[in-house]
Protein chains: 2
Amino acid sequence: MKQTAPDISERAQHMLRVLIDRFIREGQPVGSRTLAREAGLELSPATIRNVMSDLEELGFIRAPHTSAGRVPTVQGYRFFVDTLLKVQPLDVSSVERMRLEFEIERSPKDLIESASELLSGITHLAGVVTLPKHEHVLFQRVEFLPLSEKRVLAILVTSEGEVQNRMITTDRQCSTSELQQASNYLNELFAGKDLAAVRSTLLDEMQEARSTMNRIMVTAIQMADQVLEEEQSEDYIMAGQTNLMEFRELCDIEKLRNLFDAFNQKREILHLLDQCVHGDGIQIFIGDESGYQTLDECSMVTAPYQVGGEVVGVLGVIGPTRMAYERVIPIVDATARLLGAALNQKD
Amino acid sequence: MKQTAPDISERAQHMLRVLIDRFIREGQPVGSRTLAREAGLELSPATIRNVMSDLEELGFIRAPHTSAGRVPTVQGYRFFVDTLLKVQPLDVSSVERMRLEFEIERSPKDLIESASELLSGITHLAGVVTLPKHEHVLFQRVEFLPLSEKRVLAILVTSEGEVQNRMITTDRQCSTSELQQASNYLNELFAGKDLAAVRSTLLDEMQEARSTMNRIMVTAIQMADQVLEEEQSEDYIMAGQTNLMEFRELCDIEKLRNLFDAFNQKREILHLLDQCVHGDGIQIFIGDESGYQTLDECSMVTAPYQVGGEVVGVLGVIGPTRMAYERVIPIVDATARLLGAALNQKD
DNA sequence: GTTGGCACTCCCTGTTGAAGAGTGCCAATT
DNA sequence: AATTGGCACTCTTCAACAGGGAGTGCCAAC
């Protein structure tokens with residue numbers, strides 16, 4: 001990921017840094033005059049212009065039109081975050097303030113919502129947190145309740161203290177005691193295993209069951225299979241989408257609508273977040289790096305969060321490419337840790 | 001609601017009707033010339049102008065500026081929907097198409113989401129559906145699972161086959177069998193009652209319990225109380241918010257943001273929807289009639305929906321005041337019926 | 001009561017012109 | 001060889017302005 005740049009002088013790097021800093025703050029193209037003042041070096045605008053010309057040649061900045069200043073390109077931002085950026089850790093008091101948010105005893109889902117709101121609140125961007133992956137969620141208990149003829153309500157309790165429920169249909173009417181037996185059977189068999197394992201075991205069990213087991217067990221397995229079937233689908237919680245309306249570069253109704261639609265659709269975003277689970281640590285997509293057109297003018301900063309030493313989800317923020325990476329990155333990082341810690345306590 | 005208007009001629013009413021129709025379709029102020037053509041009557045623009053002048057005096061229309069056409073005022077719309085509008089029932093094929101959406105066997109929550117999406121999809125506005133009120137939800141069963149020391153997961157199953165869960169804390173550690181006893185006790189006591197009744201009984205029970213009952217029962221009641229405590233809060237499901245971006249009159253980023261924030265906050269909207277439960281049948285708020293500034297340029301068309309003969313919730317659409325009431329009203333009405341019917345089957 | 005005519009108002013659009021910001025290049029300077 | 005000042009040039013932005021268009025209100029005539 002790190003890219004070496006033998007052909008870019010120390011000075012040019014510094015200028016790029018200052019330019020991007022300034023652009024992130026002001027949102028306006030920055031010209032040679034401004035940069036001369038801002039850079040701290042004792043150089044005339046003319047000199048700066050030469051350097052800027054070089055940076056443009058390298059593809060790090062570009063001019064929106066002949067007589068505007070320069071703005072960073074995607075590659076410019078990329079170089080900036082990869083090699084120019086020094087992320088200073090968050091000051092302790094901020095972290096402490098954030099930790100308090102998570103201190104309150106709440107269900108995992110609430111915690112995840114808080115994390116999302118926290119992210120959007122502090123960064124003034126949109127916050128996003130994926131729900132924990134099911135492979136890492138442990139089966140704790142299942143319960144079947146008869147609703148009506150042939151319809152049963154299945155309640156699945158997982159290690160996170162999270163409850164999922166689904167209505168399932170059986171091919172025949174089941175009595176309460178039958179259901180009781182079924183759930184006992186499953187609870188004994190699977191307690192403490194993770195859902196992925198449960199599901200694969202279930203398939204084997206199903207073969208065997210037909211020949212050697214009684215009707216109840218077959219039913220139980222069928223039901224459990226139905227419950228787990230849809231559990232594969234992932235999801236995320238988003239907060240502060242409206243923050244994005246504040247940015248000039250996204251103020252175009254057309255773009256905004258596409259963006260919001262993408263948020264609701266969830267598919268693309270989910271796919272992107274998925275990629276972030278595999279990479280370790282902070283992951284950043286800038287502009288069109290995401291590959292999705294709707295996110296062309298957005299960046300995404302993510303960090304995976306862990307429970308029990310394993311990565312179970314991702315969280316981060318989405319905002320305009322012109323976002324304060326330096327400030328955002330440590331916040332995302334810290335939030336991931338705090339959320340992980342908070343979730344850990346629940347087990 | 002119906003307001004008599006002895007001082008407004010048949011002809012003027014017809015013109016108002018045509019004007020509003022046209023404005024709803026085109027979104028542009030309509031002038032005397034256009035109206036003369038559109039109205040079907042053989043009248044010159046000058047005559048029309050006189051009539052329009054009268055309508056303006058009555059407060060039904062107004063001119064954005066001297067030389068624009070006229071646009072309807074809130075009162076204009078109000079008169080329009082109250083007395084001018086003839087809602088023709090939806091054609092059978094549309095209703096049939098909608099009914100199919102609800103045919104699929106699903107959980108109540110899914111049905112409600114579908115209803116919301118259906119509303120927004122067909123009307124191209126934002127759809128909203130409140131979750132069923134708890135007073136009308138029957139207690140079916142409660143289950144307590146130990147999570148860790150002093151922390152218990154309570155699972156509440158209601159008549160709708162809906163499951164709610166909450167983490168609660170106890171003042172001492174409870175054993176599994178104690179929890180079992182507690183839930184048995186509550187299940188026996190409350191099965192089939194509605195949540196409101198359960199809650200009020202609970203308070204009485206609590207008094208008595210302290211003196212005559214054992215620790216387990218006290219704990220059970222305390223826990224049940226905690227479960228029900230937050231259950232009062234209402235909620236709604238919204239869909240198609242982004243549809244609202246299409247309307248010129250809402251295209252202002254500032255307004256849009258306020259609107260979307262209000263949707264997320266939910267409080268104001270919820271309060272408004274609440275008012276619609278009490279009124280019977282279709283309820284319409286136009287512009288500032290809602291009393292909330294963020295909705296000043298919006299209208300809301302709602303209908304209550306029933307389960308088991310009782311109103312349990314409200315659904316409807318939110319859009320600009322310039323919405324196609326004539327088309328929207330029957331859609332909202334039909335959706336309410338269909339959702340009610342679909343939910344009824346689940347009991 | 002209805003109509004045509006007419007003056008008037010206001011928005012919208014396109015033009016123009018000047019100011020401002022910034023560039024690129026070149027020749028002079030260090 | 002790097003740096004600088006100077007200068008011509010480009011492009012945006014803003015305000016002022018003018019003309020066309022749409023629509024009104026009023027009045028006098030039908």
Side-chain angles (χ1 to χ4, degrees), chain A residues 7-16 18-23 25-73 76 248-249 251-252, chain B residues 7-16 18-23 25-73 76 248-249 251-252:
Chain A
D7 47 351
I8 173 170
S9 74
E10 200 66 38
R11 193 176 65 176
Q13 292 190 24
H14 176 248
M15 307 229 121
L16 180 58
V18 175
L19 187 145
I20 293 183
D21 265 353
R22 167 85 188 196
F23 182 72
R25 250 180 306 123
E26 306 285 335
Q28 301 282 337
V30 2
S32 56
R33 198 194 177 74
T34 322
L35 201 50
R37 251 186 283 108
E38 205 101 335
L41 315 173
E42 293 298 313
L43 290 173
S44 76
T47 315
I48 306 281
R49 279 204 284 282
N50 290 327
V51 181
M52 285 168 98
S53 192
D54 295 347
L55 286 172
E56 185 156 26
E57 199 120 345
L58 287 167
F60 288 157
I61 57 178
R62 73 190 168 78
H65 57 84
T66 7
S67 93
R70 306 300 218 291
V71 301
T73 60
R248 255 194 299 318
E249 49 263 67
C251 250
D252 176 33
Chain B
D7 47 352
I8 173 170
S9 74
E10 199 66 38
R11 194 177 62 177
Q13 292 190 25
H14 176 248
M15 305 225 127
L16 179 60
V18 175
L19 187 146
I20 292 183
D21 265 354
R22 167 85 188 198
F23 181 72
R25 250 181 306 124
E26 306 285 335
Q28 301 283 338
V30 1
S32 55
R33 200 196 177 73
T34 322
L35 200 50
R37 252 185 282 108
E38 204 101 338
L41 316 172
E42 294 299 312
L43 291 174
S44 78
T47 316
I48 306 281
R49 279 205 284 281
N50 290 327
V51 182
M52 285 167 99
S53 191
D54 295 346
L55 287 171
E56 185 156 27
E57 199 118 346
L58 286 166
F60 289 158
I61 57 178
R62 74 190 167 78
H65 57 85
T66 6
S67 93
R70 305 300 218 291
V71 301
T73 61
R248 257 192 298 319
E249 50 264 65
C251 250
D252 177 32

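Chain naming here is simple, since letters A, B, ... match the order of the sequence lines and numbering starts at 1 in each. Reckoned from all heavy atoms, side chains included, excluding hydrogens, waters and symmetry mates.
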note: L43(A), atom CG; dG5(D), atom P; distance rounded to Å ~ 11 Å

What's the spacing between R22(A) CZ and R37(A) CZ if we round to 0.5 Å?
-> 7.0 Å

DNA chain C: 5'-proximal contact among T34(A) and N50(B) (nearest heavy atom) = N50(B)

Here the distance between atom P of dG23(D) and atom CZ of R37(B), to the nearest Å, is 9 Å

Quick one: does R33(A) reach the base of dG22(C) with a side-chain donor-acceptor pair under 3.5 Å?
-> no

From CG (L55(A)) to CG (N50(A)), nearest 0.5 Å = 11.0 Å

Go through dT10(D), dT4(D), dT3(C) for me and flag the one nearest to the T47(B) side chain.
-> dT3(C)

Say whether T73(B) and R62(B), considering side chains only, have a donor N or O and an acceptor N or O under 3.5 Å apart.
-> no

Measure the distance from NE2 on H65(B) to P on dT24(D) and round it to the nearest whole Å.
-> 10 Å

Examine dG23(D): is either OP1 or OP2 under 4.0 Å from a nitrogen or oxygen in the side chain of S32(B)? Give yes or no.
-> no

Measure the CD1-CG distance between I48(A) and L35(A) for me, rounded to the nearest 0.5 Å.
-> 5.0 Å

Would you kindly give the CG-to-P distance between D54(B) and dG1(C), to the nearest whole Å?
-> 11 Å

Tell whether T66(B) reaches the base of dC10(C) with its side chain through a donor-acceptor pair below 3.5 angstrom.
-> no

Which part of the nucleic acid, if any, lies within reach of A68(A) when heavy atoms closer than 4.0 Å are counted: base, sugar-phosphate only, or nothing?
-> sugar-phosphate

Calculate the interatomic distance between I48(A) atom CD1 and dT4(D) atom P; express it in whole Å.
-> 9 Å

Let me know the distance between CZ of R11(A) and C1' of dA1(D), rounded to the nearest Å.
-> 12 Å

From the list dT10(D), dT4(D), dT23(C), which nucleotide is the closest neighbour of the side chain of M52(A)?
-> dT23(C)

Presence of S44(B) side-chain N/O under 4.0 Å of dT3(C) phosphate oxygens OP1/OP2 = yes

Given dA21(C), dG5(D), dT9(C), which nucleotide is nearest the side-chain atoms of S67(B)?
-> dT9(C)

Looking at every strand, decide which applies to Q28(B) at a 4.0 Å heavy-atom threshold: base, sugar-phosphate, or nothing.
-> nothing

Taking NZ, NE, NH1 and NH2 as the nitrogens, is one of them in R25(A) or E38(A) under 4.0 Å from a carboxylate oxygen of the other?
-> yes

Separation of atom CD in E10(A) from atom P in dA2(D), rounded to whole Å = 17 Å

When the distance from CZ of R62(B) to P of dT24(D) is rounded to whole Å, what number comes out?
-> 14 Å

Ignoring hydrogens and angles, does a donor from either the side chain of R49(B) or the base of dG1(C) sit under 3.5 Å from an acceptor on the other?
-> no

Check whether any side-chain N or O of R70(A) sits under 4.0 Å from OP1 or OP2 of dT23(C), and answer yes or no.
-> yes

